[in-house]
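Quick note on labels: first sequence line is chain A, next is B, and so on, each numbered from 1.
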Amino acid sequence: MTRKLFALLGLLIIVPLVLGACGPTPTPTEAPKTEAPTEAPTEAATEAPATEQPTEAAPAAAEEMAPEGATPPPGYEGKTWADIVAEAEGQTVNWYMWGGSDTINAWVTGYVADNLKERYGVNLNMVPVSDATEFVNKVLGEKQAGKDTDGSVDIMWINGENFRTMRQADLLYGPWSLFLPNTVYVNWEDASVSNDFGFPVEGYESPYGKAQVVMIYDSAKVPEPPTTIDALIEWIKANPGKFTYPAPPDFTGSVFVRHICYWATGGYEQFLGEFDQELFDEKMPACWEALNDIEPYLWREGQTYPENHTRLQDLFANGEVYFDVSYGPANASNMIKQGKYPETTRTFVFDTGTIANTHYVAIAYNSPHKAGAMVLANFLLSPEAQLSKAHPDVWGDLPAIDPALLPADWQQKFNELPRGVATLPSDVLAAHRLPELQSPWLIAIEKGWEENVLQK
Amino acid sequence: MTLEQAATRDLAIPPSQIAETGWGWGQVARWLVVVGIIVGVLLPFIPLAVWSFSHRWYFPALIPTQWSMRAWHYVFSPGSQVPKALGYSTVIALVVTLLSILIGIPAGRAMGLHRFRGKTLVEFLILAPTIVPTIAVAMGIHVAFIKYGLADTLLGVILVHLIPVTPYMVMIMSSVFANYDPEYEEQARTLGANPVRTFIYVTFPAILPGIVVGGLFSFIISWSQYVLTLLIGGGRVITLPLLLFSFAGSGDNPITAALSIVFVAPAVIFLIVTSRYLTGENAAIGGFGKI
């Protein structure tokens with residue numbers, strides 16, 4: 001009797017469990033890589049139009065107002081910024097972001113969370129992910145399951161291809177970012193800000209910071225770094241095995257390849273529009289040729305490439321190669337501080353410029369805490385937060401706002417920011433900016449590299 | 001015959017006989033194996049420990065040229081989320097272990113003691129989660145869990161962890177019951193014990209070693225889940241493997257090493273606490289796969 005009972009009980013529990021495990025298997029959506037960008041032709045920060053400048057240096061939260069004439073975001077018709085701040089109080093905002101840097105994590109969970117709590121009564125819950133595609137797929141999964149309200153993602157750190165994907169799949173809330181009081185400090189005239197990877201932002205994301213490619217080298221080993229692509233290629237050939245770049249589609253490897261392509265095909269200007277297959281087929285062979293030309297002189301004779309940027313950083317840290325490429329101008333200084341790179345590490349940009357882009361925060365379409373998320377985005381844009389983030393001891397990220405649009409005393413503070421020992425001055429960076437291409441171009445170049453360089 | 005003797009009767013070599021063989025070649029070989037295992041298990045942790053205190057460590061230096069507490073400082077700072085993740089990991093692993101025991105005992109008994117129609121099919125279904133790729137199953141479960149409101153919750157993560165855990169638990173309990181003689185229960189019943197007392201005083205002590213071994217498996221499997229936790233927990237339920245992967249991917253070796261040590265420590269403690277049941281001298285672990 002007991003035995004049968006046990007047997008029955010066991011089966012009753014096991015069968016549904018196992019059946020559940022063998023359930024349906026929808027195909028995971030193919031999602032794109034992280035990071036990407038846009039930047040318009042160099043525009044000196046100083047010639048930005050001077051908009052209305054607040055008289056107060058740091059306006060208190062209560063005095064903040066939406067820019068004049070800005071349309072309230074969907075769902076807040078007829079409301080003011082103060083209404084949004086009031087609604088945000090007590091909300092807990094879930095911020096999904098890449099969590100692989102202790103300095104960035106500490107800034108977000110410390111400085112940002114504390115200020116948000118103190119000033120607005122908004123709680124911040126940082127959710128670290130190892131790749132941006134994780135939250136893209138998550139929101140997509142929720143949409144497929146019909147969870148159109150009460151989603152789990154409120155705000156995301158995002159740009160480029162992921163933004164494009166989410167925007168095209170209607171996974172983002174908006175337009176909202178032009179309603180933020182601090183958006184007046186953003187130079188929306190700058191095409192690299194108003195377009196994310198060539199894709200118009202249109203109020204669906206709010207700028208958070210900027211990135212620009214720099215070349216990293218060890219001045220003890222390379223006293224005179226090659227600051228043009230021609231000189232770099234010459235150097236590579238003269239020093240076999242001491243240079244390599246991560247294999248695209250790694251975003252750092254991809255952007256390095258684009259620099260070579262810009263150089264080999266006679267300039268980026270021709271590629272700025274929509275993707276054009278004919279133009280691609282006509283121009284790009286020159287780029288493949290240049291890359292194949294240097295391949296035998298790369299690390300391990302170019303038979304293999306580092307699989308991602310982290311591997312390249314390891315190679316550089318161990319002195320196996322003499323150059324590193326990075327999207328972060330302050331990255332080298334941070335690496336020195338963390339003991340990963342030698343004290344003699346320095347950076348440079350090519351005379352013809354390096355590619356730059358902006359990174360943003362965006363709100364999920366099904367976020368239950370949109371007000372709190374907007375308050376967070378607004379705080380991230382505040383001169384104080386941008387200044388704090390730009391400090392080399394904190395993060396060293398380039399400001400997303402244009403200091404020229406700030407009151408004089410705040411401009412002063414940005415000018416007085418200490419720079420990391422290996423970080424270039426911001427005017428040097430600003431004078432050497434190249435734009436990103438739209439993501440179909442990037443994908444085509446990455447594929448072309450694989451077919452024509454890796455497998456040739 | 002005591003219960004313990006009863007339980008050991010199926011072993012090919014009774015423990016007493018092993019003890020009598022003394023310091024022969026067999027004994028030496030046995031110790032060599034033990035030392036080999038200890039070295040093999042502990043050796044990989046030495047570089048981890050060194051990394052976690054390093055500040056500057058380039059090829060070809062054998063030891064770091066500069067030391068730092070940065071990694072440990074970060075791991076124990078509130079901003080790192082490590083204490084929270086440690087809490088989540090512990091609660092999840094313990095509850096999953098408990099649930100898997102509750103499932104494993106009756107299921108293992110049915111599989112180990114009884115023959116019934118369709119038993120092979122049931123065996124196959126129990127093993128299915130170990131054959132089917134987890135990620136494929138998890139995508140389907142995720143959609144279902146979103147609908148039931150289980151996604152992003154602790155309960156959802158616990159339930160989904162039961163999938164990889166249950167087959168091991170049931171397998172172990174099946175082999176325990178395959179070597180178990182239910183007539184002792186009948187004897188107890190004849191002497192007037194009710195089913196509950198029979199279970200507490202007869203069945204449970206006899207199968208306890210199996211429960212401990214199965215529990216250890218369950219704990220460690222749940223403890224080290226990444227994909228399932230990420231998908232079903234949606235980043236909201238943060239466990240240690242999630243934090244570990246964030247840093248492993250970013251190439252911050254000192255912090256990755258420190259997190260790895262924090263990650264491994266509880267599993268090792270759990271292993272040590274239960275190790276006396278793993279000596280092989282306990283009866284119930286007659287053999288695996290013999291259902």
Side-chain angles (χ1 to χ4, degrees), chain A residues 2-11 13-15 17-28 94 96 98-102 105-106 108-110 113 125-131 134-135 138 141-142 144-147 152-153 308-311 313-314 317-320 338-340 342, chain B residues 54-59 66 68 70 74 77-81 102-103 105-111 113-114 116 122 125-126 128-129 132 135-137 139-144 146-147 151-152 162-163 166 170 182 185 195 198 230 234-236 238 242-243 245-247 249-252 254-255:
Chain A
T2 331
R3 271 185 233 168
K4 278 189 183 148
L5 209 80
F6 269 122
L8 202 72
L9 204 67
L11 273 177
I13 297 172
I14 284 299
V15 169
L17 249 171
V18 178
L19 287 180
C22 305
T25 315
T27 339
N94 294 294
Y96 281 64
W98 175 75
S101 158
D102 58 333
N105 293 357
V108 169
T109 54
N125 179 34
M126 176 206 142
V127 182
V129 298
S130 46
D131 193 292
E134 284 171 21
F135 55 69
K138 183 163 181 59
E142 289 182 353
Q144 282 166 353
K147 196 177 181 182
S152 44
V153 181
N308 54 41
H309 186 224
T310 308
R311 296 286 88 80
Q313 290 180 312
D314 289 345
N318 286 330
E320 285 192 64
Q338 290 175 12
K340 289 173 196 157
Chain B
S54 72
H55 182 65
R56 202 167 278 268
W57 195 4
Y58 305 124
F59 178 82
Q66 273 181 43
S68 150
R70 180 182 71 95
Y74 177 75
S77 73
S80 71
Q81 309 201 357
L102 292 180
I103 294 165
I105 292 175
R109 188 180 178 104
M111 303 300 295
L113 286 181
H114 302 275
F116 50 87
V122 174
L125 287 177
I126 286 172
V132 182
I135 183 74
V137 180
M139 297 298 288
I141 292 174
H142 186 216
V143 175
I146 290 173
K147 282 185 186 143
D152 295 347
L162 279 172
I163 292 168
T166 308
V170 175
E185 286 174 12
T198 309
L230 178 73
R236 213 61 96 64
I238 309 255
L242 262 58
L243 295 182
F245 271 58
S246 286
F247 279 99
S250 74
D252 194 326
I255 291 185

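- In this structure, chain A has a heavy atom under 4.5 Å from the side chain of B/Asp152, while its backbone stays farther away.
- Considering only heavy-atom pairs separated by less than 4.5 Å from chain B, the leading option among A/Gly141, A/Gly110, A/Ala113, A/Pro342 is A/Pro342.
- Neither the backbone nor the side chain of A/Phe135 comes within contact range of chain B, judged by heavy atoms closer than 4.5 Å.
- Between A/Ser130 and B/Phe245, the closest heavy-atom pair is CB-O, 4.2 Å.
- At a 4.5 Å heavy-atom cutoff, the contact between A/Asn94 and chain B is made by side-chain atoms alone.
- Checking side-chain atoms of B/Gln81 against main-chain N and O of A/Met126 turns up a donor-acceptor pair under 3.5 Å.
- Rounding to the nearest 0.5 angstrom, the gap separating the CG atom in A/Asp131 from the CG atom in B/Leu230 is 10.5 Å.
- Proximity to chain B (any heavy atom under 4.5 Å) is shown, for A/Asn308, by neither the backbone nor the side chain.
- Between A/Gly99 and B/Ser246, the closest heavy-atom pair is O-CB, 3.6 Å.
- Using a 4.5 Å cut-off on side-chain heavy atoms (C-beta onward), A/Thr109 and B/Ser77 make no contact.
- For the atom pair B/His142 NE2 and A/Gln144 CD, the distance stands at 10.5 Å (nearest 0.5 Å).
- The OG atom of B/Ser54 sits 11.0 Å away from atom CD of A/Gln338, with the distance rounded to the nearest 0.5 Å.
- Between A/Val127 and B/Gly234, the shortest heavy-atom contact is CG1-O, 4.4 Å.
- For chain A, the nearby part of B/Ile255 is the side chain; its heavy atoms alone come within less than 4.5 Å.
- B/Tyr74 contributes no side-chain N or O that, together with a main-chain N or O of A/Ala106, makes up a donor-acceptor pair within less than 3.5 Å.
- For B/His55, the parts lying near chain A are the backbone and the side chain together; criterion is any non-hydrogen pair under 4.5 Å.
- Only the side chain of A/Glu134 comes within contact range of chain B, with at least one heavy atom under 4.5 Å from a heavy atom of that chain.
- Residues A/Asn105 and B/Ser80 form no side-chain contact, since every pair of their non-hydrogen atoms from C-beta on lies 4.5 Å or further apart.
- Of the two parts of B/Arg236, the backbone and the side chain both hold a non-hydrogen atom closer than 4.5 Å to a non-hydrogen atom of chain A.
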